[in-house]
Number of protein chains: 2
Amino acid sequence: MIRINRETDYATAILGVMAAEPDERFSASGLAARRGLPGPVVSKILKQLVRGGLLRSHRGAKGGYSLARDAGAISIAEVIMAMEGPIALTDCIEGGGEACQFHAHCVLSTNWSRINDAIYRALQDVSIKDMIEPLTDDHPGLRNLGRHVRDSLGGSAGQAKAFRFDHG
Amino acid sequence: MIRINRETDYATAILGVMAAEPDERFSASGLAARRGLPGPVVSKILKQLVRGGLLRSHRGAKGGYSLARDAGAISIAEVIMAMEGPIALTDCIEGGGEACQFHAHCVLSTNWSRINDAIYRALQDVSIKDMIEPLTDDHPGLRNLGRHVRDSLGGSAGQAKAFRFDHG
DNA sequence: CCGAAATGGGACCGATTTGGTACGGTTTGA
DNA sequence: TCAAACCGTACCAAATCGGTCCCATTTCGG
Ligand code: FES
Ligand code: FES
């Protein structure tokens with residue numbers, strides 16, 4: 001249904017809580033209580049975000065999780081990729097040509113790729129910090145969403161590709 | 001995975017074939033052969049597109065399907081909605097507040113709504129006709145993708161809502 | 001008027017994904 | 001030493017996906 005899964009939604013909510021108090025450490029159970037979510041679910045999400053490099057974890061008693069970088073530098077696109085893998089609307093885009101028999105001669109794939117690109121950049125332009133702050137004149141935030149989109153589409157014809165998370 | 005399902009992808013491919021020869025009638029089996037897809041699958045998709053009002057069907061021998069309107073007036077957003085229902089990234093957006101307990105006081109929902117809005121408009125700005133024509137200077141097509149997106153975000157703070165197909 | 005060629009509307013099924021739980025192991029601070 | 005945390009992974013039910021099958025209905029053409 002062209003929808004992000006529930007865990008990703010939870011992830012943004014959790015990151016939102018954490019972004020309000022950076023430099024703080026949060027336990028999984030504490031965050032779960034704060035958001036009214038089941039403990040194990042929150043725990044699973046946090047582990048995934050650590051793997052994606054968005055959070056840092058601290059083991060042992062008095063351990064917990066903290067943001068790996070500034071909330072303004074964590075985009076929704078990254079959250080989605082950390083939770084769900086590459087952003088690729090179609091199999092064809094993800095496979096990069098292997099998946100689809102007609103790829104070489106198919107004009108659709110390049111245009112799907114552009115649409116995918118547009119959506120990706122839209123998601124990349126929104127940070128966790130943007131998400132927790134209401135829109136004001138001082139905080140343009142989401143208002144600029146789409147500018148990069150337009151700019152990008154004037155550029156070179158993008159090869160079909162999926163946007164993959166850089167786990168390095 | 002923020003991905004459209006396969007049938008929707010097929011649907012655009014099929015519509016692409018039909019858009020190349022408007023005013024023509026196509027049988028399900030003929031289209032299946034043309035695209036190398038299984039007959040029953042194509043048939044199912046076509047029925048769905050008729051329900052969505054994108055195609056007109058003609059029953060009986062020598063019947064078939066034809067575009068309900070000009071290919072330039074059928075957007076990808078409509079195709080997706082016809083095949084998969086409302087475009088709503090999160091449950092919260094689709095439910096419109098019923099689904100989510102915190103809705104009234106949650107700043108995330110309005111921002112998710114904006115992102116959803118941006119994606120929706122991006123999809124609405126691309127027509128089937130755009131999809132089958134390679135990008136040239138004469139045919140700006142996808143190049144304008146994102147302009148409406150930016151414009152819309154300057155406007156009033158959108159209520160969380162899903163973009164539903166108008167089956168009327 | 002009959003039969004072939006089409007669509008219409010479902011039911012149905014296996015495979016995959018999703019959403020969530022459970023459990024045993026490991027690290028660390030007090 | 002012990003409890004508080006995280007780590008990994010397996011597991012499960014329910015929903016969704018991708019696809020097939022069947023039969024009723026409509027229409028054209030001979
Ligand atoms: S959709 Fe894969 S090549 Fe056209
Ligand atoms: S996510 Fe539903 S109200 Fe915040």
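- Between A/V50 and A/A61, it is A/A61 whose nearest contact on DNA chain D lies nearer the 5' terminus.
- When the C1' atom of C/dT18 is taken as reference, atom OH of A/Y10 falls 11 Å away, rounded to whole Å.
- A salt bridge links A/D117 with A/R121: the distance from a Lys NZ or Arg NE/NH1/NH2 to an Asp or Glu carboxylate oxygen falls below 4.0 Å.
- Between D/dC7 and A/S57, a contact under 4.0 Å exists linking OP1 or OP2 to a side-chain N or O.
- Looking at the side chain of B/V41, the nearest of the listed nucleotides C/dG20, D/dC28, D/dG19 is D/dG19.
- For B/S113 and B/N116, the side-chain atoms include no donor-acceptor pair closer than 3.5 Å.
- The A/R59 side chain lies nearest to C/dT27 when the options are C/dG8, C/dT27, C/dT21.
- Whole-Å rounding puts the B/R3 CZ to C/dT16 P distance at 15 Å.
- Nearest-nucleotide assignment on DNA chain C puts the 5′-proximal partner with B/K44, out of B/K44 and A/R6.
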Let me check something: any side-chain donor-acceptor pairs from residues 16-31 of chain A under 3.5 Å, sequence neighbours excluded? List them with distances.
{"from": "A/E21", "atom 1": "OE2", "to": "A/R34", "atom 2": "NH2", "distance (Å)": "3.2"}
{"from": "A/R25", "atom 1": "NH1", "to": "A/K62", "atom 2": "O", "distance (Å)": "3.2"}
{"from": "A/R25", "atom 1": "NH2", "to": "A/H58", "atom 2": "ND1", "distance (Å)": "3.3"}
{"from": "A/S27", "atom 1": "OG", "to": "A/S29", "atom 2": "OG", "distance (Å)": "3.2"}
{"from": "A/S27", "atom 1": "OG", "to": "A/G30", "atom 2": "N", "distance (Å)": "3.0"}

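- Atom pair B/I80:CD1 and D/dC17:P shows a separation of 13 Å (rounding to whole Å applied).
- C/dT17 atom C1' lies 14 Å from atom CE of A/M83, rounded to whole Å.
- Comparing the local axis fitted to the first five base pairs of the helix from C/dC1-D/dG30 to C/dA30-D/dT1 with the one fitted to its last five gives a bend of 10°, rounded to 10°.
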- Any chance you could lay out the side chain to side chain contact (heavy atoms under 4.5 Å, CB included) test for A/V41 and A/L37, step after step, and finish with the verdict? CA-CA 7 Å; A/V41 172; A/L37 296 173; 5.6 Å; no

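- Counting only heavy atoms from C-beta outward, the side chains of A/W112 and B/D9 approach each other to under 4.5 Å.
- Here the closest heavy-atom approach between residue A/A77 and residue A/I87 is recorded as O-CD1, 4.1 Å.
- Residue-to-nucleotide proximity on DNA chain C shows that, of A/K47 and A/G60, the 5′-proximal contact is made by A/K47.
- Rounded to whole Å, the distance from CZ on A/R25 to P on C/dT28 is 11 Å.
- Computed from coordinates, the A/H58 NE2 to C/dT28 C1' distance equals 13 Å when rounded to whole Å.
- Atoms CG (A/L46) and P (D/dA5) sit 13 Å apart, rounded to a whole Å.
- In this structure, the CG atom of B/D9 is 14 Å from the C1' atom of D/dC17, given to the nearest Å.
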- Can you check side chain to side chain contact (heavy atoms under 4.5 Å, CB included) on B/L15 and B/L67, steps first, answer last? CA-CA 8 Å; B/L15 287 169; B/L67 294 182; 3.9 Å; yes

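- Of the candidates C/dT21, D/dG18, D/dC6, D/dC6 carries the atom nearest the A/Y65 side chain, counting heavy atoms from C-beta on.
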